[in-house]
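The figures that follow rest on heavy atoms only: side chains count, while hydrogens, waters and symmetry mates do not.
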Amino acid sequence: QVHMVESGGGLVQAGDSLTLSCAADELTAANIAMGWFRQAPGKEREFVGCISWSGRTTAYADSVKGRFTISRDGARTTMFLRMNNLKPEDTAVYYCAATARTPLDATPSRGDEYRYWGRGTQVTVSS
């Protein structure tokens with residue numbers, strides 16, 4: 001069983017930057033993509049971005065493209081979400097997730113493609 005733990009959330013002002021981390025405990029299998037999702041109050045969970053097992057490919061939602069960057073450490077067990085120029089509409093609980101085995105450069109964007117989920121970390125952006 002893989003446990004995903006997010007950290008780094010908090011309260012920031014519009015225009016600020018924040019970096020979230022996601023540690024995947026017991027992630028020993030290969031070909032695991034990792035992704036970020038978020039859920040704002042009263043809204044459905046939405047895809048934010050993801051990174052392939054290889055690290056060569058990433059994918060982002062249009063709403064965050066150019067502002068958010070996902071990276072992965074060398075061991076491929078920790079993922080980061082660098083968020084720049086934050087906006088009030090970025091306020092949400094952010095969840096990290098990991099897939100089961102996927103193709104090397106896959107960047108899945110659907111929630112049902114992910115097997116393991118963290119409990120989330122709150123990001124609040126004030127105007």
Undergrad: In the single-linkage hydrophobic clustering (I, L, V, M, F, W, Y; side-chain heavy atoms under 4.5 Å), do V2 and W36 co-cluster?
TA: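 Yes; W36 is reachable from V2 via cluster members.
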Undergrad: Quick one: pull up OG in S52 and CZ in R76 and give me the separation to the nearest 0.5 Å.
TA: 8.5 Å
Undergrad: Hey, is CZ on R82 packed in by over 12 heavy atoms from elsewhere, all under 6.0 Å?
TA: yes
Undergrad: For K43, look at atom NZ and say whether over 12 heavy atoms of other residues, nucleotides or ligands are found less than 6.0 Å away.
TA: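 12 or below, so no.
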Undergrad: Using the disulfide bond (SG atoms under 2.5 Å apart) rule, collect all pairs that involve residues 65-127, keeping only residues at least two apart or in two chains.
TA: C22-C96
Undergrad: Which pair of heavy atoms, one from T91 and one from V125, lies closest together, and at what distance?
TA: OG1-N, 2.9 Å
Undergrad: Where does the angle between the aromatic ring planes of F68 and Y94 fall among parallel (under 30°), tilted (30 to 60°) and perpendicular (over 60°)?
TA: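 Because their plane-to-plane angle lies in the 30° to 60° range, the rings of F68 and Y94 count as tilted.
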Undergrad: With a 4.0 Å cut-off on N to O distance, would you call E46 and R38 a salt bridge?
TA: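 A salt bridge links E46 with R38.
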Undergrad: Is there a path of hydrophobic side-chain contacts, each under 4.5 Å between heavy atoms, that joins V123 and M4?
TA: yes
Undergrad: Locate the shortest heavy-atom distance separating R67 from N85; write the atom from each residue and the value.
TA: NH1-O, 3.0 Å
Undergrad: Grab the two heavy atoms, one from N31 and one from P103, that are nearest each other, plus how far apart they are.
TA: ND2-C, 4.4 Å
Undergrad: Ignoring hydrogens and angles, tell me if any N or O in the side chain of D25 forms a donor-acceptor pair with the backbone of H3 under 3.5 Å.
TA: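 Flag not set: sc D25 to bb H3 has no pair under 3.5 Å.
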Undergrad: Residues in disulfide bond (SG atoms under 2.5 Å apart) with C50, at least two apart?
TA: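 Partners of C50 under the disulfide bond (SG atoms under 2.5 Å apart) test: none.
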Undergrad: Can you check whether R119's main-chain N or O pairs, donor with acceptor, with E6's side chain at less than 3.5 Å?
TA: yes
Undergrad: Using only atom types and a distance under 3.5 Å, with no angle test, would you say the side chain of S127 pairs donor to acceptor with the backbone of P88?
TA: no
Undergrad: Is the Y114 ring parallel, tilted or perpendicular to the F37 ring (thresholds 30°, 60°)?
TA: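 Ring orientation of Y114 relative to F37: perpendicular.
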Undergrad: Give me the atom names and distance for the closest heavy-atom approach of A106 to A33.
TA: O-CB, 3.9 Å
Undergrad: Side chains of R72 and W53: does their closest heavy-atom pair fall under 4.5 Å?
TA: yes
Undergrad: Tell me whether L20 shares a hydrophobic cluster with M79, the cluster being built from Ile, Leu, Val, Met, Phe, Trp, Tyr side chains joined at under 4.5 Å.
TA: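 Same hydrophobic cluster.
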Undergrad: Determine the minimum heavy-atom distance between A24 and M34, stating which atoms define it.
TA: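 In this case the closest contact between A24 and M34 is CB-CE, 4.2 Å.
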Undergrad: Rounded to the nearest 0.5 Å, what's the gap from CD1 on I70 to CD1 on I51? Could you check?
TA: 7.0 Å
Undergrad: Looking at side-chain heavy atoms only, is the closest gap between Y60 and T69 below 4.5 Å?
TA: yes
Undergrad: Salt bridge check, K87 against D90: does any charged N sit closer than 4.0 Å to a carboxylate O?
TA: no
Undergrad: Looking only at heavy atoms, which two atoms of P108 and T99 are closest? And how far apart?
TA: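 P108 and T99 have their closest heavy atoms at CG-CG2, 3.7 Å.
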Undergrad: Does S126 reach the main-chain N or O of V12 with its side chain, forming a donor-acceptor pair under 3.5 Å?
TA: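 Pair found, side chain donor or acceptor close to backbone of V12.
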Undergrad: Less than 4.5 Å apart, any side-chain heavy atom of V93 and any of Q122?
TA: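 The answer is yes, as the side chains (C-beta and beyond) meet within the 4.5 Å cut-off.
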Undergrad: Hey, could you give me the OG1/CZ distance between T107 and R56, rounded to the nearest 0.5 Å?
TA: 12.5 Å
Undergrad: Honestly curious: do F47 and I32 fall in one hydrophobic cluster under the side-chain, below-4.5 Å linking rule?
TA: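 Result: no, two separate clusters.
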